[in-house]
Amino acid sequence: MLAHLSEATVHSYSGPRLDLQQLIPHSAKHILDVGCGPGTLGKALQERQPCFVIGIEPHPILAQQALTQLDRVLPLAIEDALETLRTETSLYDIIVFGDVLEHLIDPWKVLAEARSLLRPNGAIVASLPNIRHLDTLYSLIVRGTWPMRERGIHDRTHLRFFARRDIETMFRGAGLQIQRWEANYRIFEDGRRWNNLSSRLAIWPWREFLAFQYIVYAIKS
């Protein structure tokens with residue numbers, strides 16, 4: 001999966017991802033970055049702390065770039081790469097899914113397989129878009145259409161859609177317990193100046209309608 005995405009699209013999701021970094025312990029020594037793109041996040045982690053980072057990246061050009069950044073890269077479909085890693089003896093302190101699960105046919109199965117690769121005290125750090133965002137409701141109720149864009153919540157390549165409760169259910173079903181929730185808030189899908197007010201407005205009962213993206217830290221339950 002993900003190999004069908006353009007290099008420009010995947011690059012738009014790539015970066016040092018400070019929002020993910022804040023949930024990755026400095027003590028993590030063995031990290032698996034699923035859908036690692038050009039390896040920017042993994043490289044940032046290696047510069048921040050001593051760690052061994054393996055990446056999974058189906059896109060051939062991005063996988064080649066990641067090879068120059070990370071300790072090892074599997075240029076395979078995510079499902080095939082996880083199956084390969086299951087035949088090995090290594091386990092991981094942290095497995096990262098940065099904007100990946102929503103692109104998969106069966107993210108529930110992939111998440112369960114990733115759980116089997118965690119150390120007993122390991123964790124999964126993941127980011128997923130929130131389909132319950134205000135922009136979805138506006139598009140459906142006011143404009144009468146399902147929004148499709150090149151990136152973001154309504155990226156036309158998304159195969160699965162999740163609100164907060166769906167994320168909880170998926171992780172619980174995979175044998176994982178979410179211990180920490182974070183969110184990136186926006187009023188609008190694009191980068192309008194009004195988004196500067198989103199964190200101030202993100203109070204009950206509007207909070208879940210302004211959560212553009214959830215970031216979670218989950219351990220084995």
Side-chain angles (χ1 to χ4, degrees), residues 1-20 23 34-38 40-41 57-59 61-62 77-79 96-111 124-171 173-174 178 181-216 218:
M1 295 303 299
L2 302 185
H4 63 287
L5 302 183
S6 70
E7 184 178 2
T9 298
V10 181
H11 266 300
S12 72
Y13 286 100
S14 302
R17 294 300 302 267
L18 298 179
D19 53 350
L20 295 176
L23 293 187
V34 182
C36 66
T40 312
L41 170 61
E57 179 48 58
H59 196 289
I61 296 176
L62 295 174
I78 288 170
E79 297 85 349
V96 181
F97 286 92
D99 295 313
V100 168
L101 293 167
E102 63 273 16
H103 291 276
L104 303 178
I105 293 175
D106 194 346
W108 303 271
K109 180 180 178 181
V110 166
L111 204 54
I124 286 178
V125 173
S127 59
L128 300 98
N130 172 35
I131 200 60
R132 201 183 183 194
H133 188 268
L134 179 65
D135 188 70
T136 305
L137 303 180
Y138 174 80
S139 294
L140 289 174
I141 297 172
V142 178
R143 299 182 63 240
T145 184
W146 179 262
M148 287 192 291
R149 300 185 175 92
E150 294 304 315
R151 58 166 298 170
I153 298 173
H154 306 111
D155 185 323
R156 65 180 68 250
T157 65
H158 288 177
L159 300 180
R160 303 299 180 183
F161 302 93
F162 304 95
R164 178 173 173 137
R165 187 175 296 179
D166 302 311
I167 296 172
E168 289 179 318
T169 300
M170 178 170 63
F171 274 73
I178 297 176
W181 286 87
E182 299 291 340
N184 294 323
Y185 294 104
R186 292 188 195 178
I187 299 174
F188 299 102
E189 172 91 20
D190 58 27
R192 303 182 198 185
R193 61 176 181 167
W194 290 104
N195 285 333
N196 295 329
L197 300 173
S198 57
S199 59
R200 298 180 186 179
L201 297 174
I203 57 176
W204 190 88
W206 318 115
R207 184 179 295 115
E208 291 192 22
F209 299 109
L210 295 178
F212 184 80
Q213 181 184 57
Y214 287 116
I215 303 97
V216 300

Determine whether a donor-acceptor pair (N or O, by modelled atom type, separation under 3.5 Å) exists between the side chain of [X] and the backbone of [Y].
X	Y	answer
Ser127	Asp99	yes
Glu57	Gly37	yes
His158	Ile153	yes
Arg160	Ile105	yes

Report yes if some heavy atom in the side chain of [X] is under 4.5 Å from a heavy atom in the side chain of [Y]; otherwise report no.
X	Y	result
Phe161	Glu102	no
Asp19	Gln213	yes
Ile78	Pro58	yes
Ile167	Ile178	yes

Name the residue from Leu111, Asp106, Val34 that meets the side-chain contact (heavy atoms from CB on, under 4.5 Å) definition with Leu101. Leu111

Reported [atom1]-to-[atom2] distance for the pair [X] and [Y], which is rounded to 0.5 angstrom:
X	Y	atom1	atom2	result
Phe97	Leu20	CZ	CG	12.5 Å
Arg132	Leu137	CZ	CG	8.0 Å
Asp135	Leu140	CG	CG	9.5 Å
Arg149	Asp155	CZ	CG	11.0 Å
Leu18	Leu23	CG	CG	11.5 Å
Asn130	Asn184	CG	CG	11.0 Å

Not counting sequence neighbours, which residues clear side chain to side chain donor-acceptor pair (under 3.5 Å) with Asp166? List them please.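 With neighbours one apart ignored, the set is empty.
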
Sequence-distant partners of Glu168, side chain to side chain donor-acceptor pair (under 3.5 Å), two or more places apart: none

Tell me the closest heavy-atom pair linking [X] and [Y], and the distance in Å.
X	Y	result
Phe212	Gly152	CZ-CA, 4.0 Å
Phe171	Ala218	CD2-CB, 3.6 Å
Met170	Pro107	SD-CB, 4.0 Å

Residues in salt bridge (charged side-chain N to carboxylate O under 4.0 Å, His left out) contact with Arg156, at least two apart in sequence or another chain: Glu150

List the steps and the verdict of side-chain contact (heavy atoms from CB on, under 4.5 Å) for Arg151 and Thr157. CA-CA 8 Å; Arg151 58 166 298 170; Thr157 65; over 6 Å; no

Could you walk me through whether Leu104 and Lys109 pass side-chain contact (heavy atoms from CB on, under 4.5 Å), step by step? CA-CA 10 Å; Leu104 303 178; Lys109 180 180 178 181; over 6 Å; no

